[in-house]
Amino acid sequence: MTLAAIILAVLLALVFLALGTAKILALQPMRELAAEAGFSVAAYRRIGLLEVAAAVGLLIGLLAPLLSAVAGAGLLLLLTGALVVHLRKGDGPRKYAPAVACGLLVAAYLVLQLLTR
């Protein structure tokens, strides 16, 4: 695994550990985002659980590359879902830009994983 892939894995893991934990704890900003997106708090907590699981998978994947690829693919699916929700709601780029940026980082990580096999 390259240094760039390790840095991306750790960065993504930190971001999604923080976001997922905030969703699981149903912090007020996350409750507002859930309501705005049309999700129940319970559904948003499940999304947070998936984010935390993927983040842990990325970190464990530093030692087990197959797991990191699966975790990255899962994150990419979650982020695609987030983008779809934003677009269906008619949100502008300011709302969906974080999902796109994170998706691009995950995609770059996955490409690095493929290139270093």
_Rounded distance (nearest 0.5 Å) linking atom OH of Tyr96 with atom CG of Leu87_ =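 One finds 6.0 Å between OH of Tyr96 and CG of Leu87.
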
*Measure the spacing between SG of Cys102 and CG of Leu83 and express it to the nearest 0.5 Å.*
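CG of Leu83 is found 12.0 Å from SG of Cys102.
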
_Chi angles and distances behind the side chain to side chain contact (heavy atoms under 4.5 Å, CB included) call for Arg46, Leu50_ = CA-CA 6 Å; Arg46 286 190 292 275; Leu50 291 171; 5.8 Å; no

Identify the two heavy atoms, one from [X] and one from [Y], that lie closest to each other, and give their separation to 0.1 Å.
{"X": "Met1", "Y": "Gly61", "result": "CE-O, 3.7 Å"}
{"X": "Val52", "Y": "Thr21", "result": "CG2-N, 3.7 Å"}
{"X": "Ser40", "Y": "Ala34", "result": "O-CB, 4.3 Å"}
{"X": "Pro65", "Y": "Gln113", "result": "O-NE2, 3.7 Å"}
{"X": "Ala5", "Y": "Leu112", "result": "N-CD1, 3.8 Å"}
{"X": "Arg45", "Y": "Ala26", "result": "NH2-CB, 3.2 Å"}

Would you say [Y] ends up clustered with [X] if hydrophobic residues are merged whenever their side chains have heavy atoms under 4.5 Å apart, either directly or through other cluster members?
{"X": "Val41", "Y": "Leu78", "value": "no"}
{"X": "Leu49", "Y": "Val56", "value": "yes"}
{"X": "Leu79", "Y": "Val70", "value": "no"}
{"X": "Leu104", "Y": "Leu8", "value": "no"}
{"X": "Leu62", "Y": "Val106", "value": "yes"}

*asked:* Run Tyr109 and Leu58 through side chain to side chain contact (heavy atoms under 4.5 Å, CB included) and show every step you take.
replied: CA-CA 10 Å; Tyr109 172 73; Leu58 287 174; 3.5 Å; yes

*Under 3.5 Å, side chain of Lys89 to main-chain N/O of Gly38, donor-acceptor pair present?*
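No; judged by distance alone, with no hydrogens or angles, the pair does not exist.
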
*Residues sharing Leu115's hydrophobic cluster, by side-chain heavy-atom contacts under 4.5 Å among ILVMFWY, directly or via others?*
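Reading the cluster by chain and number, Leu115 sits alongside Val111.
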
_Identified side-chain contact (heavy atoms from CB on, under 4.5 Å) partner of Val15 from the options Leu12, Leu17, Leu19_ =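 For Val15, the side-chain contact (heavy atoms from CB on, under 4.5 Å) check succeeds only for Leu19.
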
